Amino acid sequence: MAKVYKLVTIFCEAVLEPLVVREFDRLGIVGYTVSDCRGRGTHGVRSGNWRISSNVRIEVMCDLPMSDRLMEALEPFDRDYGLLVVRSDVEVLN
């Protein structure tokens, strides 16, 4: 039987990655995936050619209470960095 979790996907400037991971450590989150990404959004085009203009996508699966705590912990970064946090339901088969 599949278990239902929350998938929290964080799109942010690459320079923010260490700060996000520090929040994971503080909250007790041990598993996450980081991918380089590029595209265009409200902060303009992110080509990924330079570290200063690159973005990352960080994904975490957790339960609802942890996803609430994570989203709350990331909220202050939104003031100073390009940041988009998306939460969705996922089913895990194994």
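It should be emphasised that the depicted structure is a prediction, and the values quoted were computed from it without experimental measurement.
Under the 4.5 Å side-chain criterion, counting only non-hydrogen atoms from C-beta, Val85 is in contact with Leu83. Side-chain contact between Phe24 and Ile58: present, with at least one pair of heavy atoms (C-beta onward) separated by less than 4.5 Å. Between Val60 and Leu7 there is no side-chain heavy-atom pair separated by less than 4.5 Å. For the pair Met66/Arg69, a side-chain contact is recorded, criterion being any heavy-atom separation below 4.5 Å from C-beta on.
Expressed to the nearest 0.5 Å, how far NZ of Lys3 lies from CG of Asn94 amounts to 10.0 Å. Atom CD of Glu17 sits about 11.5 Å away from atom CG of Asn55, to the nearest 0.5 Å. Going from atom SG of Cys37 over to atom CZ of Arg57 covers 6.0 Å, rounded to the nearest 0.5 Å.
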Quiz item: Run the side chain to side chain contact (heavy atoms under 4.5 Å, CB included) check on Val15 and Tyr81 step by step: do they pass?
Solution: CA-CA 9 Å; Val15 297; Tyr81 297 94; 4.1 Å; yes
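The two atoms that bring Ser67 and Cys62 nearest to each other are N-SG, 3.6 Å, heavy atoms only.
For Phe77, the ring-ring contact (aromatic ring centres under 6.0 Å, His included) criterion is met by no residue, not counting sequence neighbours.
There is no path of hydrophobic side-chain contacts, each under 4.5 Å, that joins Leu70 to Val90. A continuous path of hydrophobic side-chain contacts links Val56 to Ile29 [ILVMFWY only; heavy atoms under 4.5 Å]. No chain of hydrophobic side-chain contacts below 4.5 Å, direct or via other Ile, Leu, Val, Met, Phe, Trp or Tyr residues, connects Leu64 to Ile10. One hydrophobic cluster, built from ILVMFWY side chains closer than 4.5 Å, holds both Leu74 and Val21.
At most 12 non-hydrogen atoms from other residues, nucleotides or ligands lie less than 6.0 angstrom from CE of Met61.
Although no hydrogens or angles enter the test, the distance criterion places no donor-acceptor pair under 3.5 Å between the side chain of Glu59 and the main chain of Thr33.
Within the structure, every pair that satisfies the salt bridge (Lys or Arg N to Asp or Glu O under 4.0 Å) test and touches residues 82-94, not counting sequence neighbours, is listed here: Lys6-Asp89, Asp68-Arg87.
Taking a 4.5 Å side-chain heavy-atom cut-off between Ile, Leu, Val, Met, Phe, Trp and Tyr, the cluster of Phe11 extends to Leu84, Val86.
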